[in-house]
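Remarks on the structure that follows.
Computed over heavy atoms, backbone and side chain alike; hydrogens, waters and symmetry mates excluded. As the structure lists them, so they are numbered: ligands from 1, and atoms in each ligand from 1.
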Amino acid sequence: MSVKSISVRRPLPTIVFSVVLSLLLSGCFRGSTPKPSANSTQPTRDDHLALGNPSGASLSDPENYLLTKSTYVVSYSRQRGIANWVSWHLSTAWKGDARRANDFQPDPTLPPDWFAVKTSNYTNTGFDRGHLCPSDDRDGSAADNTATFLLTNIVPQAPRHNREVWKNLEDYERELINGGNEAYVIAGTYGTGGTGSNGYATTLANGRLTVPASLWKIIVVLPTGSNDVSRITNTTRVIAVNIPNTQAAADKNWQAYVTSVDELERLTGYDFLSTVSGSVQRQIEARIDGQVN
Ligand code: MN
Ligand code: MN
């Protein structure tokens with residue numbers, strides 16, 4: 001559809017028509033809103049998959065469908081209507097004073113014939129619109145913050161889970177960043193069925209939006225620097241948690257839910273930290289870290 005694709009052998013009227021069509025399709029004309037017909041891969045400003053693509057997400061598998069944003073990367077499940085995981089790099093470079101956008105919206109980059117979750121699908125369900133990549137990790141600009149409100153980054157989360165135990169871990173991540181570190185974070189969903197403020201549910205939106213049974217997260221912490229993957233060693237701090245998606249889960253703090261990356265790999269079938277050497281993976285994936293400095 002680009003102007004470059006016009007053949008030199010075509011007659012002039014065809015060329016003019018093609019150019020006009022191209023301009024219309026590219027949204028140059030006022031009022032024409034281009035609708036991406038497929039997952040438009042955006043350039044990322046950061047390497048959110050520096051530690052690997054845990055499930056080998058790609059554009060060919062609807063259940064492990066790769067959504068590449070400039071702000072984070074997603075593996076999405078069409079069947080479940082939620083992410084399998086979201087991966088992002090967190091550093092002070094992403095922080096600023098943009099206000100919370102709160103503009104939850106369907107992800108326009110999903111294939112148009114797929115069901116795209118709407119914000120109203122969460123209304124009065126007893127579940128929060130819970131971020132995987134948090135709003136507060138992306139407040140360097142209004143656009144970055146808005147990107148976290150795409151509903152492919154959001155899952156049905158028990159309100160107390162979202163506002164207490166999960167939030168406390170998010171806050172702790174940012175404390176680490178403010179203390180001279182950067183982090184690679186992978187957050188995901190596991191299983192089906194959670195307990196919100198209206199009780200237990202397996203799905204919302206007439207079965208098209210799955211309530212996950214738990215939310216898990218892996219945080220790899222590095223002192224701020226460059227060549228990050230090569231700096232990961234046997235002593236690198238890796239925090240892993242798996243927290244049931246229930247109101248009662250918030251009766252304990254996140255340290256009560258620490259686990260190992262090995263355990264999350266067994267549970268999910270994914271290979272986390274796959275770009276790290278095998279010998280280092282074996283060490284840091286077996287360890288359980290709940291230390292708070
Ligand atoms: Mn949240
Ligand atoms: Mn691994």
Next item on the list: Just the protein N/O/S atoms under 2.8 Å from the Mn ion (ligand 1), please, no waters.
Entry: Asn162 OD1
Next item on the list: Using side-chain hydrogen bond (donor to acceptor under 3.5 Å, both in side chains) as the criterion, point out the one residue from Thr123, Asn102, Asn153 that pairs with Arg129.
Entry: Thr123
Next item on the list: Taking Gln283 for its side chain and Thr235 for its backbone only, find out whether a donor-acceptor pair lies under 3.5 Å.
Entry: no
Notebook entry, point to check: Would you say Gln281 reaches the Mn ion (ligand 2) with an N/O/S atom under 2.8 Å?
Noted result: yes
Check: Less than 6.0 Å separating the ring centroids of Phe272 and Trp85?
Finding: no
Checklist line | Metal site the Mn ion (ligand 2): N/O/S of Leu273 inside 2.8 Å | finding: no
Notebook entry, point to check: If you stand at the Mn ion (ligand 2) and look out to O of Phe272 and OD1 of Asp271, what angle do those two lines make, to 10°?
Noted result: 90°
Margin query: So, of the N/O/S atoms that Glu265 has, which is the nearest one to the Mn ion (ligand 2)?
Written below: OE2
Next item on the list: Give a yes or no answer on whether the side chain of Glu285 reaches the backbone of Val261 with a donor-acceptor pair at less than 3.5 Å.
Entry: no
Note to self: Against Asp137, only a single residue in Trp88, Tyr72, Trp94 fulfils side-chain hydrogen bond (donor to acceptor under 3.5 Å, both in side chains); can you say which?
What the structure shows: Trp88
Check: Looking only at side chains, do Asn145 and Ser135 share a donor and an acceptor under 3.5 Å apart?
Finding: yes
Notebook entry, point to check: Hey, does the side chain of Gln157 reach the backbone of Asp128 with a donor-acceptor pair shorter than 3.5 angstrom?
Noted result: no
Notebook entry, point to check: If you group Ile, Leu, Val, Met, Phe, Trp and Tyr by side-chain heavy-atom gaps below 4.5 Å, do Phe127 and Tyr200 land in one group?
Noted result: no
Note to self: When you measure from the Mn ion (ligand 2) to the N, O or S atoms of Glu285, does any of those distances fall below 2.8 Å?
What the structure shows: yes
